[in-house]
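Take a look at the structure below.
Proteins come first, then strands; the chains are lettered A, B, ... in the order of their sequence lines, and each starts at number 1.
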Protein chains: 2
Amino acid sequence: MTDNLQIKMDDFLPLRDVVFNTLRQAILTGDLKPGERLMEIHLADKLGVSRTPIREAIRKLELEGLVIMIPRRGAEVAQITEKSMNDVLEVRQSLDALCVELACDRITAEELENLKRACVGFELAVKTKDTKKIAQADVALHDIILKATGNDRLINLVNNLAEQMYRYRFEYIKDATQHDMLVEEHRQIYESIVKKDKDAASKAAWTHIENQKKAIIHQIRLDQESK
Amino acid sequence: MTDNLQIKMDDFLPLRDVVFNTLRQAILTGDLKPGERLMEIHLADKLGVSRTPIREAIRKLELEGLVIMIPRRGAEVAQITEKSMNDVLEVRQSLDALCVELACDRITAEELENLKRACVGFELAVKTKDTKKIAQADVALHDIILKATGNDRLINLVNNLAEQMYRYRFEYIKDATQHDMLVEEHRQIYESIVKKDKDAASKAAWTHIENQKKAIIHQIRLDQESK
DNA sequence: TATATATATCGTGTATACAAAAAACACTTA
DNA sequence: TAAGTGTTTTTTGTATACACGATATATATA
């Protein structure tokens, strides 16, 4: 573990939530590596809190599947395998398709306008070739669709699944050869939603994730080989 | 809260997990009612443990959405609204459709054989008119399909969503007028999987949940009115 | 009687203490 | 040297202690 694990005294959240967010971020960004043990006193010292909030945070990470518990041995960061990532992406594919279908039914005129702007925003971001900007524009666009579904449970699940791929998403977006395809995929999704064509929208969303799936699995295989 | 909240010294699980399971069950079966406060010392006394495992269990319930946290006031059992249940069922509809599609691709000959037996088993259970038996046969059947997907993440999510409707499922199954329809729906799903007809399977699963959705929403409205 | 203010009570949030299990280590013996 | 055994260390699991915020209660004053 690199030592840039530091608590952000963001706000008035209970310590357990601050710790939870900190550890979560550290795992998702790869700062805490798969297989690494999470030792309570160690983390407590590092974050300047007692074991109690650490333990409560770990309980949540456990339920999220980001760490696995070994009895009487504590928590360690869950391994990411090709299989586990494929499982996640299969589910996302299905849920993203559901998202756009629901969006067709429920999106408001104002949200549709925002979505249009977000598409243009993404295109502009791509032109800057700034990976961070592209990623942000991508998130913004997807957030609009998510919100338009009006289904809180769905929003939660999709956000959670999306975060599981955080580590690989960046690699994916960095790959400039994909950029035109991404713009086109977004355009198709947008157009389908405008036309309230659920079938087309769902297919477009499916393809969108399918491409990500291919790219991410490819990346994982590269990672595996380099070991 | 009725007082039949008692710890099951099931096994060698850490207390936090025993408490988690106990509270979870109590919430899902309606023994702990929506809006009811979960007070730590109170629960700790009742279950004969200290506050620590109680708190850790609550953290997990929090992430699962079964309780909501109010800062400096503690946890209370989350309300079930028509909206929240509809949200859950929309997602389940999508994921159950995914389940049978994946099952079409991946089910083994042996599992297919089991599925056939489970269909017959369900038909027999229906004839006994014993609600508990019917529910069990239903779970058994769905478990076979779930397992056949080979997607662990999906299995987790679907099981979790299914449990959220636990309270209403029983009412649904009790309703004898639905029984023939249920048998028929299961038959259609089975047949489609045999034929590896993903489209038909997915539609059948969708309808299967759609009917449950109607029944459950109906039930919730009745509950609301009686208040 | 009604309102405001002081005080007590209750419950969470966090830290610490203690027990027991597991792992690491050293020592003995064949 | 290798295997077995006893001992120490580390780390989790659980209980308890303490502080502080929030609410309720009681008292005083208009």
Side-chain angles (χ1 to χ4, degrees), chain A residues 1 5-24 26-27 32-78, chain B residues 1 5-24 26-27 32-78:
Chain A
M1 179 176 66
L5 188 63
Q6 208 159 354
I7 213 157
K8 259 208 307 196
M9 253 320 176
D10 237 340
D11 27 4
F12 315 82
L13 283 174
L15 283 181
R16 56 167 183 269
D17 289 332
V18 181
V19 172
F20 173 64
N21 291 330
T22 306
L23 292 181
R24 191 161 196 286
I27 293 174
L32 285 166
K33 304 221 165 14
E36 191 164 341
R37 281 184 73 180
L38 297 181
M39 279 183 303
E40 297 168 4
I41 332 147
H42 189 214
L43 291 172
D45 287 351
K46 205 150 228 157
L47 299 178
V49 300
S50 80
R51 281 175 61 208
T52 309
I54 301 280
R55 287 180 64 85
E56 298 193 4
I58 288 177
R59 294 290 84 76
K60 299 219 258 179
L61 295 170
E62 180 191 353
L63 202 76
E64 244 190 0
L66 289 179
V67 309
I68 60 160
M69 295 302 302
I70 303 171
R72 280 256 155 224
R73 186 134 196 285
E76 55 183 56
V77 179
Chain B
M1 179 177 66
L5 188 63
Q6 207 157 355
I7 213 158
K8 258 208 309 198
M9 255 318 175
D10 238 342
D11 26 3
F12 317 81
L13 283 175
L15 283 182
R16 58 167 182 267
D17 290 333
V18 181
V19 172
F20 174 64
N21 292 329
T22 306
L23 292 181
R24 192 163 194 285
I27 293 173
L32 285 166
K33 303 222 165 11
E36 190 165 343
R37 281 184 74 180
L38 296 182
M39 279 183 302
E40 297 168 3
I41 330 148
H42 190 211
L43 291 173
D45 287 352
K46 208 151 225 157
L47 300 178
V49 300
S50 80
R51 281 176 61 208
T52 309
I54 302 280
R55 287 181 64 85
E56 299 193 6
I58 288 179
R59 294 290 84 76
K60 299 219 257 179
L61 295 170
E62 180 190 354
L63 202 75
E64 244 190 2
L66 289 179
V67 309
I68 60 160
M69 296 302 303
I70 303 171
R72 281 256 155 225
R73 185 133 197 285
E76 55 183 56
V77 179

Is the closest side-chain heavy-atom distance between B:V67 and B:L32 below 4.5 Å?
no
For A:E40, enumerate each residue passing the side-chain hydrogen bond (donor to acceptor under 3.5 Å, both in side chains) test, keeping only those at least two apart in sequence or located in another chain.
A:R51, A:R55
How would you list, by chain and number, every residue that makes a side chain to side chain contact (heavy atoms under 4.5 Å, CB included) with B:M39, sequence neighbours excluded?
B:R37, B:H42
Assess whether a salt bridge exists between B:R59 and B:E62, defined as any Lys/Arg side-chain N lying under 4.0 Å from an Asp/Glu carboxylate O.
yes
With sequence neighbours excluded, residues passing side chain to side chain contact (heavy atoms under 4.5 Å, CB included) with A:P53:
A:L15, A:R16, A:V19, A:V49, A:S50
Using a 4.0 Å cut-off on heavy atoms, which residues in residues 55-71 of chain A reach DNA chain C? List them by number, or say none.
none
Whichever of B:R73 and A:E40 has its nearest DNA chain D nucleotide further upstream toward 5':
A:E40
Please identify each residue that fulfils salt bridge (Lys or Arg N to Asp or Glu O under 4.0 Å) with B:E64, with sequence neighbours left out.
B:R24
Need one value for B:R16: base, sugar-phosphate or nothing, where a base atom within 4.0 Å counts as base even if backbone is also close, heavy atoms only.
sugar-phosphate
Interface limits on DNA chain C, where chain B has a heavy atom under 4.0 Å of a nucleotide atom
C:dG11 to C:dT14
Roughly how many Å is it from CZ in B:R37 to C1' in D:dA22, rounded to a whole number?
10 Å
Measure the spacing between CD1 of B:I27 and CG of B:L66 and express it to the nearest 0.5 Å.
5.0 Å
Taking the nucleotide of DNA chain C with the closest heavy atom to each, which residue, B:M39 or A:R51, is nearer the 5' end?
B:M39
With a 4.5 Å cut-off on side-chain heavy atoms, are A:F20 and A:L13 touching?
no
When the nearest nucleotide of DNA chain D is assigned to A:G74 and to A:T52 on a heavy-atom basis, which residue is associated with the more 5' position?
A:G74
Check every strand shown and say whether A:I54 touches a base, only sugar-phosphate, or nothing at a heavy-atom separation below 4.0 Å.
nothing
Checking base pairs now: Watson-Crick or wobble, both atom distances under 3.5 Å. What partners D:dA30?
C:dT1
Over all heavy atoms of both residues, which pair between A:I58 and A:A75 is shortest? Give the atoms and the distance, please.
CG2-CB, 3.8 Å
Give the rounded distance in Å between these two atoms: CZ of B:R72 and P of D:dA22.
7 Å
